[in-house]
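For reference, the structure is listed below as structure tokens.
This one's a predicted model, so the numbers in the text were calculated from it and none came from an experiment. A, B, ... follow the sequence lines: proteins, then strands. Residue 1 opens every chain.
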There are 2 protein chains.
Amino acid sequence: MQKCRSPKDNLLVPSTKFRVCPIHITIDILGKKWTLLVLRDIAILNNNRFNQIRRSLPGLTPRVLTLRLKELEEAGLIRAIVIRESPRVVEWALTEKGNDIMPILMSILAFGAKWYADEIFEDHRPRTLEEIYPSYHEAKDRISS
Amino acid sequence: MQKCRSPKDNLLVPSTKFRVCPIHITIDILGKKWTLLVLRDIAILNNNRFNQIRRSLPGLTPRVLTLRLKELEEAGLIRAIVIRESPRVVEWALTEKGNDIMPILMSILAFGAKWYADEIFEDHRPRTLEEIYPSYHEAKDRISS
DNA sequence: CCGCATCCAAAATGATACTG
DNA sequence: CAGTATCATTTTGGATGCGG
């Protein structure tokens, strides 16, 4: 993606030209299988231990979880807090950069809560992010105003 | 993910219990390789023809593109507008549901524009979404207020 | 040229067992 | 507990062809 221009003029054109697409570059980091779900565990569910994440994500094998954690650490999104050596115990935490994936997780959550309410909520009623996490939105308002 | 509660109380707890995780269910749809980039092409770049998308995404083969387009159509995110039969020409467009992935794409873009400015912008300066797409934000303000 | 389909190779992921 | 090692399976990529 060299340019974000469209032949028709009714579309989004960025004010500055991209050398590479920001979406593409981000998806290279976050787009692999399990990556966003691992981040969900650490960022939202507070599952920050190896086997906690495994239990919360059936199908995710230790091999792949190790790969994903290494990649995320390498990318600077998470860091390992060593609680104890031998037998090693680590706790995974978001970095400042990792914290900035929260809006991504929240927009994904909002999409699900709107379009898959039938599976998600007992009463099958779609919900907005504001309804689900009032506190999260108050925090955002405090920051942006 | 049965519960979105954490042992510590400093974390996000949804106001309503989830039967399944909204993030998980959404990622089941959007999380496969190339899917979000195909949506980026249709939603933002206005590349809505088969070979347009192919040209814009080197490495994506016709086989996988066909698969992804079928999956997205099946999921109700895109629909085919038949321009001409025999030889068949179709244009892919977002449905109403598909339009709701825009916030996801935009949050991904915002993350990239903040943390990968070095590769993205000639001047290496991070940018906010508001700076990149002023018109998109004006539209959002009009809607929410 | 456009929208695929087919065949095979390579890469990513899964299952299971095992170790410090 | 937090991973490795090994091997099987699934998913994706590359090349090519084909009817319209």
When you check the gap from the basic side-chain N to the acidic O, do B:Glu71 and B:Lys32 get nearer than 4.0 Å?
yes
For B:Leu109 versus B:Leu129, what's the shortest heavy-atom pair and its separation?
CD2-CD1, 3.7 Å
In plain terms, say whether A:Lys70 and A:Glu73 are close enough for a salt bridge, that is, a side-chain N and a carboxylate O under 4.0 Å apart.
no
To the nearest 0.5 angstrom, please state how far the CG atom of B:Leu39 sits from the CG atom of B:Asp41.
9.5 Å
Please give me every residue in residues 25-37 of chain A whose heavy atoms get under 4.0 Å of an atom in DNA chain C, ordered by residue number.
A:Lys33, A:Trp34
The helix from C:dC1-D:dG20 to C:dG20-D:dC1: angle between terminal helix axes, five bp per end, to the nearest 10 degrees, reads 40°
What are the two closest non-hydrogen atoms of A:Asp100 and B:Phe111, and how far apart are they?
O-CD1, 3.5 Å
Do NZ/NE/NH1/NH2 and the carboxylate oxygens of A:Arg125 and A:Glu131 come within less than 4.0 Å?
yes
Nucleotide by nucleotide, 5' to 3', does protein get under 4.0 Å of the base (B), only the sugar-phosphate (S), or neither (-) in nucleotides 1-10 of chain C, counting heavy atoms?
-SSBBBB---
Closest non-hydrogen atoms of B:Gly76 and B:Thr95, given as atom of the first, atom of the second and distance, are O-OG1, 2.5 Å
For residues A:Ser107 and B:Ser107, report the shortest heavy-atom separation together with the two atoms involved.
OG-OG, 3.1 Å
At under 4.0 Å between heavy atoms, what does A:Arg68 touch on the DNA or RNA strands: base, sugar-phosphate, or nothing?
sugar-phosphate
So how far is it from A:Leu77 CG to A:Leu30 CG, rounded to the nearest 0.5 Å?
6.5 Å
Contact boundaries of DNA chain D with chain A (under 4.0 Å, heavy atoms), 5' to 3'?
D:dC1 to D:dT6
Can you list everything that forms a ring pair (Phe, Tyr, Trp, His ring centres under 6.0 Å) with B:Phe121? Sequence neighbours excluded, please.
A:Phe18
List the residues meeting salt bridge (Lys or Arg N to Asp or Glu O under 4.0 Å) with A:Glu122, not counting sequence neighbours, and say none if there are none.
none
Correct closest heavy-atom pair for B:Lys33 and B:Arg68 would be O-NE, 2.8 Å
